[in-house]
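Report on the structure given below.
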Amino acid sequence: MLIDLLTHATAQAQQSGKLPPVTLPPVTIERPQNPEHGDYASSLPLKLARSAGINPLEIARELVSLIPPAAEIKSIVAAPPGFINFTLTDDWLAQQLESILKAEEAFGNIDLGHGSRVQVEFVSSNPTGPLHVAYGRAAVLGSTLSNVLAAAGFDVQREYYFNDAGNQMDIFGRSLYARYRQCLGDADAEVLSDGYHGHYMVDLAQAIINEQGERFLAIPESEAALQVGKLGAERLMAQIKGELDLLRIEFDGWFTEQSLYDNGQFDKVMEILRKGGHLVEKEGATWFTATALGEDKDEVVVRSNGVPTYLATDIAYHYNKFLEREFDRVIDIWGADHQGHVAGLRAAVGVLGVDLERLVLIVHQLVTVHRGDEVVRISTRSGDIIMLSDVIDEVGVDACRYFFLSRSANSQMDFDLELAKKEAPDNPVYYVQYAHARIASILRVAKERGITYADGDVSLLTSEPELTLIRKLLLLPEMVEVVVQTLEPHHLTYYAQDLATTFHSFYKLCRVISDDQALSKARLKLVEATKIVLARTLHLMGMTAPDRM
RNA sequence: GUCCCUGUAGCUCAGCAGGAUAGAGCGGCUGCCUUCUAAGCAGCGGGUCGCAGGUUCGAAUCCUGCCAGGGACGCCA
């Protein structure tokens with residue numbers, strides 16, 4: 001609306017000759033950081049000053065005089081060096097509480113997606129071991145982003161991709177079979193150096209023995225390794241699902257690599273690449289000629305032993321996402337250790353005829369785990385693993401989620417196990433939740449005293465702490481929009497913190513239930529609206545909003 | 001050597017489709033509980049935004065170079 005007003009005023013100024021007929025830069029509105037500068041601001045005059053050859057402050061004054069008064073706007077002022085600042089009326093702000101109360105937890109929903117179908121694929125750890133701590137980051141990032149996209153009107157599908165075929169599973173199967181034989185007393189059985197050495201493999205082997213007995217000793221080794229590996233992978237998939245459950249991470253789909261072979265899509269994709277002239281045979285292997293598309297290097301898709309690489313199935317997987325299931329947009333969340341595969345995959349997906357605007361790869365930097373001063377090297381294969389589920393047990397789900405969410409995906413993250421345990425009680429999430437619990441407490445007291453406030457008059461809310469709080473509440477839909485546009489859900493944690501601070505400050509300054517009945521009712525409305533917004537924000541982040549702490 | 005990410009307060013990090021005095025949490029120091037939860041509030045102290053150039057009316061934000069840290073450059077994923 002403000003943009004329209006400004007655009008209109010500028011056009012008028014040009015018509016009347018007050019402003020030369022220069023081409024307009026895009027008219028933008030910002031939210032000033034300093035509240036004294038109003039609710040919204042535009043720097044349009046500064047941008048016009050040069051081409052118009054007029055002092056920006058003069059342009060600002062001219063435009064201000066041309067903008068007609070509107071009911072929602074208290075003031076429009078030109079400010080040096082050439083800003084136009086808009087301030088909303090107190091009454092309009094207060095009235096917005098009614099719409100929050102009416103919308104309840106739907107407040108914050110916006111319609112940016114128009115129901116378009118977007119898939120978010122994340123975690124996708126191989127079923128060769130339990131989830132270690134670092135996967136918590138991708139899990140929380142993906143689930144929060146999905147929640148926000150859903151709030152913004154997208155039809156979201158959350159998916160986990162299991163690499164349950166290929167090379168690594170082969171090694172996994174052989175490692176597990178070796179443990180199986182060891183458990184049954186075969187001292188000669190050995191886990192190969194490139195195999196999986198973790199202690200959980202012994203437990204896994206024992207579980208399979210308990211269920212299946214010794215029968216795999218009777219069949220040929222390679223076949224036995226295959227079958228034992230399959231059983232082990234199934235158990236681990238179930239375990240991984242359980243661990244994700246603990247962190248309250250939900251998926252709509254579990255996609256297996258194997259299915260790409262079973263339904264022929266893998267072969268189909270290879271055929272497309274071959275027909276397009278993107279494959280060559282070299283040194284006994286099949287290569288995808290990414291260099292012909294401007295990339296740095298070619299990539300092997302089928303090894304000389306006939307086994308496809310990870311990239312090959314990933315191309316087929318994306319064929320499935322775009323051409324078979326026809327998602328409008330696909331967001332993959334990868335760790336920085338996969339950064340090198342981005343270019344190759346994008347090139348291949350482009351070859352499939354997919355507009356690359358539709359494919360977004362979010363690459364988050366890695367999490368390094370410390371125990372005090374010591375860096376814990378994490379490797380599923382070597383078996384040095386800190387299980388996500390253990391950390392959740394010790395630190396708590398909400399604190400865990402908040403911690404993983406609170407940093408931008410682009411920043412490296414240190415997870416100190418000692419510190420996490422020690423500081424769990426100081427986690428900012430409790431500060432936010434405490435604000436929610438405090439409100440719940442106020443509402444309980446109101447109820448006990450039989451105070452009803454449906455008829456409260458919000459226009460009585462005119463003091464600075466009240467209006468500041470209302471302004472914060474109204475920011476939620478904008479936050480949702482920001483997260484959708486940037487795909488950076490960490491902004492939510494900062495918003496939550498900011499909102500809680502504003503509430504706590506209000507709480508100190510303004511007694512809600514007092515002798516002034518009318519004001520009490522109005523404030524109860526404000527406080528309930530705050531509770532709604534806090535709860536919504538916490539829920540978007542996958543956290544709980546407790547009524548008591 | 002090439003590519004990606006990062007360098008902002010003592011520590012951990014926001015801010016970076018350029019904008020008006022650079023923010024928060026933690027830690028340090030002061031105050032504040034007769035009344036709705038002190039897991040709270042108010043205040044103080046703390047910064048050449050890695051360094052050097054450049055673009056611009058305006059740069060923490062954009063460009064180039066350098067320095068430092070992390071990651072990737074496998075017929076592993």
Practice prompt. Assign each of A:Ile513 and A:Asp426 to its nearest nucleotide of RNA chain B by heavy atoms, then name whichever residue's nucleotide is nearer the 5' end.
Written response: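 Result: A:Asp426.
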
Worksheet item: If you find the nucleotide of RNA chain B closest to A:Pro546 and the one closest to A:Thr501, which residue's nucleotide is nearer the 5' end?
Response: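 Checking each residue's closest nucleotide, the 5'-ward one belongs to A:Pro546.
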
Spacing of [X] atom [atom1] relative to [N] atom [atom2], expressed in whole Å:
X	N	atom1	atom2	answer
A:Arg346	B:C4	CZ	P	14 Å
A:Leu519	B:C36	CG	P	17 Å
A:Glu30	B:G19	CD	P	7 Å
A:Tyr430	B:A38	OH	C1'	19 Å
A:His504	B:A38	NE2	P	10 Å
A:Met169	B:A77	CE	P	12 Å
A:Leu405	B:A24	CG	P	21 Å
A:Leu44	B:G58	CG	C1'	16 Å

Just wondering, are more than 12 heavy atoms of other shown residues or ligands nearer than 6.0 Å to [atom1] in [X]?
X	atom1	answer
A:Glu357	CD	no
A:Glu30	CD	yes
A:Gln517	CD	no

Discussion item. List the residues meeting side-chain contact (heavy atoms from CB on, under 4.5 Å) with A:Asn126, not counting sequence neighbours, and say none if there are none.
Written reply: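 By the side-chain contact (heavy atoms from CB on, under 4.5 Å) rule, A:Asn126 matches A:Thr128, A:Asn163, A:Gln168.
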
Worksheet item: Who are the side-chain contact (heavy atoms from CB on, under 4.5 Å) partners of A:Ala312, not counting sequence neighbours?
Response: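 Partners of A:Ala312 by the side-chain contact (heavy atoms from CB on, under 4.5 Å) criterion, ordered by chain and then number, come out as A:Phe266, A:Met270, A:Val301, A:Pro308, A:Thr309.
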
So what does [X] touch, heavy atoms closer than 4.0 Å: a base, only the sugar-phosphate, or nothing?
X	result
A:Asp547	base
A:His37	base
A:Pro80	base
A:Asn85	base
A:Val445	sugar-phosphate
A:Lys47	base
A:Ala41	base

Taking ring-ring contact (aromatic ring centres under 6.0 Å, His included) as the definition, give me every residue that meets it alongside [X], ordered by chain and number, with sequence neighbours left out.
X	value
A:Tyr402	none
A:Tyr161	A:Tyr317
A:Phe415	A:Phe403, A:Phe404

Worksheet item: Does A:Tyr431 make a side-chain N or O approach to OP1 or OP2 of B:C26 shorter than 4.0 Å?
Response: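 No, no such contact exists.
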
Worksheet item: Under 4.0 Å: is that the gap between some side-chain N or O of A:Ser505 and OP1 or OP2 of B:A42?
Response: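 The answer is yes; a side-chain N or O of A:Ser505 sits under 4.0 Å from OP1 or OP2.
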
Report, one pair per line, the protein and nucleotides 71-76 of chain B atoms (nitrogen or oxygen only) whose separation is under 3.5 Å.
unit_1, atom_1, unit_2, atom_2, d
B:G71, O2', A:Ala336, O, 3.1
B:C75, O3', A:Arg303, NE, 3.1
B:C75, O2, A:Ser304, N, 2.7
B:C75, O2, A:Ser304, OG, 2.9
B:C75, N3, A:Ser304, OG, 3.0
B:C75, N4, A:Glu283, O, 2.4
B:C76, OP2, A:Arg303, NE, 2.0
B:C76, OP2, A:Arg303, NH2, 2.6
B:C76, O3', A:Arg303, NH2, 3.0
B:C76, O2', A:Gln168, NE2, 2.1
B:C76, O2, A:Arg381, NH2, 2.7

Item to complete: Test A:Phe122 against every option in A:Phe251, A:Tyr160, A:Trp334 by the ring pair (Phe, Tyr, Trp, His ring centres under 6.0 Å) rule and name the one that passes.
Response: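 Testing A:Phe122 for a ring pair (Phe, Tyr, Trp, His ring centres under 6.0 Å) against A:Phe251, A:Tyr160, A:Trp334 leaves exactly one candidate, A:Phe251.
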
Discussion item. Would B:A68 be called syn or anti here, given the cut-off of 90° from 0?
Written reply: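 Because its glycosidic torsion lies more than 90° from 0, B:A68 adopts the anti conformation.
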
Worksheet item: Where does B:C29 land, syn or anti, once you apply the within-90°-of-0 test for syn?
Response: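 B:C29: anti glycosidic orientation.
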
Worksheet item: How does each nucleotide of nucleotides 28-33 of chain B score, in 5' to 3' order, for protein heavy atoms under 4.0 Å: base (B), sugar-phosphate only (S), or none (-)?
Response: ------

Discussion item. Please encode protein proximity along nucleotides 7-16 of chain B as a string of B, S and -, counting only heavy-atom distances under 4.0 Å.
Written reply: -----SSSS-

Fill in: A:Tyr135 and A:His132 aromatic ring geometry - parallel, tilted or perpendicular at 30°/60° bounds
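Plane angle between 30° and 60°, so tilted.
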
Worksheet entry | Strand RNA chain B as a dot-bracket string - pairs counted if Watson-Crick or G-U with both distances under 3.5 Å, | where the partner lies in another strand | (((((((..((((.....[...)))).(((((.......))))).....(((((..]....))))))))))))....

Discussion item. Checking A:Ser408 now: which residues fulfil side-chain hydrogen bond (donor to acceptor under 3.5 Å, both in side chains) with it, not counting sequence neighbours?
Written reply: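 A:Ser408: no side-chain hydrogen bond (donor to acceptor under 3.5 Å, both in side chains) contacts found.
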
Worksheet item: Under the side-chain hydrogen bond (donor to acceptor under 3.5 Å, both in side chains) rule, what pairs show up with a residue in residues 499-511 of chain A, not counting sequence neighbours?
Response: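 Only A:Tyr431-A:Thr501, A:Arg438-A:His504 qualify under side-chain hydrogen bond (donor to acceptor under 3.5 Å, both in side chains).
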
Tell me which donor-acceptor pairs under 3.5 Å the side chains of residues 337-345 of chain A have, and how far apart each pair is, sequence neighbours excluded?
none

Practice prompt. Kindly point out which of B:A20, B:A77, B:U35 is positioned nearest to the side chain of A:Phe83?
Written response: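 Nearest nucleotide to the side chain: B:A20.
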
